[in-house]
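What follows is a short report on a single structure.
Residue numbers begin at 1 in each chain, while the letters A, B, ... track the order of the sequences. Note that these values count all heavy atoms, side chains included, but never hydrogens, waters or copies made by symmetry.
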2 protein chains.
Amino acid sequence: MSADHLFAALASPARRELLRMLRDEGAQPAGRLAERFDMSRPSVSEHLKVLKDAGLVAETRKGRERHYRLEAAPLLELRDWLTPYERFWRERLTALDALLDDMEDDMEDEDAR
Amino acid sequence: MSADHLFAALASPARRELLRMLRDEGAQPAGRLAERFDMSRPSVSEHLKVLKDAGLVAETRKGRERHYRLEAAPLLELRDWLTPYERFWRERLTALDALLDDMEDDMEDEDAR
DNA sequence: TTGATACGTAGGATAATTCCTACGTATAGT
DNA sequence: ACTATACGTAGGAATTATCCTACGTATCAA
């Protein structure tokens, strides 16, 4: 629910790499993720926990293994967060944008340059 | 260029709020941003520095004031990062998943519009 | 039952983040 | 020149993040 957890979870390169693995290679047990990581297995477990708390990952227990799978739904929130910024990079491409920026920045010394 | 700085910059709620202010209210001097923040002015300056290092904000000196403006270009990188995950929530839109989602997730206005 | 396997959790060292209060610097106004 | 304003930076306290090694627990295989 809280966007804070989501952004915080994505702030770590290690956790983004874990997400990428799950995305490209499908659901996997924790150990398999860890063995290709330059990091101890318990640390990977910690990262997976953070991802789980952010709702980005879900686990399914299969015997003594725990399969982790990507849960992309929270990323919709990220996409929604991004939306109101879209007009800024679209406007950037027009000459009109510069004019509008100047008008809202300051109405006074337009000729100073 | 480094996505790490970008994600790290966005991890802080205070910095996201600053971005929102610059987006909704246009470029402003640092002090005006700070005075509506429940945070000391120097701390806001620090946050602005982090945003600047991430390329999300640019400053223009006007006399003794420094106007900060939103620089949305780096957010394109975030959008690109998001792209390969899109198919995952698209797959979830099959009839069965949509039903399950509605039951477990929320009664929100996803479909209400 | 015994031993190995697949994990998570505890505890701790170190580093990074986040906030503050001083203080320094440059500009503006008088 | 002198004071006020708008900032950033220094330095430090408190918190949180990030990694590790040890250890505990559940499952599987014999």
*By nearest nucleotide on DNA chain D, pick out whichever of A:Val50 and B:Val44 is the more 5' one.*
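On the 5' side of the pair lies B:Val44.
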*A:Arg41 or B:Glu59: which one's nearest nucleotide on DNA chain D is closer to the 5' end?*
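Nearest-nucleotide comparison on DNA chain D picks B:Glu59.
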*Would you classify B:Phe37 as touching base, sugar-phosphate or nothing, given that sugar-phosphate means primed atoms plus P, OP1 and OP2, and contacts are heavy atoms under 4.0 Å?*
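No contact at all - B:Phe37 keeps every heavy atom at 4.0 Å or more from the nucleic acid.
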Using side-chain hydrogen bond (donor to acceptor under 3.5 Å, both in side chains) as the criterion, list what pairs up with [X], not counting sequence neighbours.
{"X": "A:Gln28", "result": "A:Glu25, A:Arg36"}
{"X": "A:Lys49", "result": "none"}
{"X": "B:Arg32", "result": "none"}

I need the [atom1]-[atom2] distance between [X] and [N], as an integer number of Å.
{"X": "B:Arg61", "N": "C:dT25", "atom1": "CZ", "atom2": "P", "value": "15 Å"}
{"X": "A:Asp4", "N": "C:dT18", "atom1": "CG", "atom2": "P", "value": "12 Å"}
{"X": "B:Glu46", "N": "D:dT9", "atom1": "CD", "atom2": "C1'", "value": "8 Å"}
{"X": "A:Asp53", "N": "D:dA17", "atom1": "CG", "atom2": "P", "value": "11 Å"}
{"X": "B:His47", "N": "D:dC7", "atom1": "NE2", "atom2": "C1'", "value": "17 Å"}
{"X": "A:Lys49", "N": "C:dT9", "atom1": "NZ", "atom2": "C1'", "value": "8 Å"}
{"X": "A:Met39", "N": "D:dA17", "atom1": "CE", "atom2": "P", "value": "15 Å"}
{"X": "B:Leu51", "N": "C:dT18", "atom1": "CG", "atom2": "C1'", "value": "14 Å"}

*Same apolar cluster: A:Leu75 and A:Val50, side chain cutoff 4.5 Å*: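 No, it is not one cluster - the side chains of A:Leu75 and A:Val50 are not joined through contacts under 4.5 Å.
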*asked:* Quick check on contacts: within residues 6-17 of chain A, what sits under 4.0 Å from DNA chain C by heavy-atom distance?
replied: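 None - not one residue of the stretch has a heavy atom sitting under 4.0 Å from the strand.
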*Please work out which residues in residues 21-33 of chain A have a non-hydrogen atom less than 4.0 Å from an atom of DNA chain C and list them by number.*
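Going residue by residue through residues 21-33 of chain A, the ones with a heavy atom under 4.0 Å of DNA chain C turn out to be A:Pro29, A:Ala30, A:Gly31.
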_Geometric cation-pi criterion, B:Arg23 with A:Phe88: 6.0 Å, 45°_ =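 Judged by the rule, B:Arg23 and A:Phe88 form no cation-pi pair.
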Would you say [N] has OP1 or OP2 under 4.0 Å from some side-chain N or O of [X]?
{"X": "B:His67", "N": "D:dA6", "result": "no"}
{"X": "A:Ser43", "N": "D:dT18", "result": "no"}
{"X": "B:Ser40", "N": "C:dC20", "result": "yes"}

*Partner set under side-chain contact (heavy atoms from CB on, under 4.5 Å) for A:Ser40, not counting sequence neighbours*: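 With neighbours one apart ignored, the set is A:Pro42, A:Ser43.
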Between the protein and nucleotides 27-30 of chain C, which nitrogen or oxygen pairs come in under 3.5 angstrom?
| unit_1 | atom_1 | unit_2 | atom_2 | d |
| --- | --- | --- | --- | --- |
| C:dT27 | O2 | B:Arg64 | NH1 | 3.4 |
| C:dA28 | O4' | B:Arg64 | NH1 | 3.4 |

*Nearest-nucleotide comparison on DNA chain C, the residue closer to the 5′ end among B:Pro42 and A:Pro42*: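 The 5'-side residue here is A:Pro42.
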*Any luck finding a side-chain donor-acceptor pair between B:Arg69 and B:Thr60 under 3.5 Å?*
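On atom types as modelled, these side chains qualify, holding a pair under 3.5 Å.
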*Can you name the salt bridge (charged side-chain N to carboxylate O under 4.0 Å, His left out) partners of A:Arg20, sequence neighbours left out?*
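Here the qualifying residues are A:Glu17, A:Asp24.
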*Mind jotting down which residue pairs meet the ring-ring contact (aromatic ring centres under 6.0 Å, His included) criterion with at least one end in residues 18-72 of chain A? Sequence neighbours excluded, please.*
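Sorted pair list comes back empty.
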Just distance, no hydrogens or angles: give the donor-acceptor pairs under 3.5 Å from side chains in residues 3-13 of chain A, sequence neighbours left out.
| unit_1 | atom_1 | unit_2 | atom_2 | d |
| --- | --- | --- | --- | --- |
| A:Asp4 | OD1 | B:Arg16 | NH2 | 2.6 |
| A:Ser12 | OG | A:Ala14 | N | 3.2 |
| A:Ser12 | OG | A:Arg15 | N | 3.2 |

*Taking all non-hydrogen atoms of both residues, which atom of A:Pro84 and which atom of A:Arg87 are closest, and how far apart?*
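The pair with the smallest heavy-atom distance is O-CG, 4.2 Å.
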*Where is the tightest heavy-atom contact between A:Leu33 and A:Leu18, given as atom of each residue plus distance?*
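A:Leu33 and A:Leu18 have their closest heavy atoms at CB-CD2, 4.2 Å.
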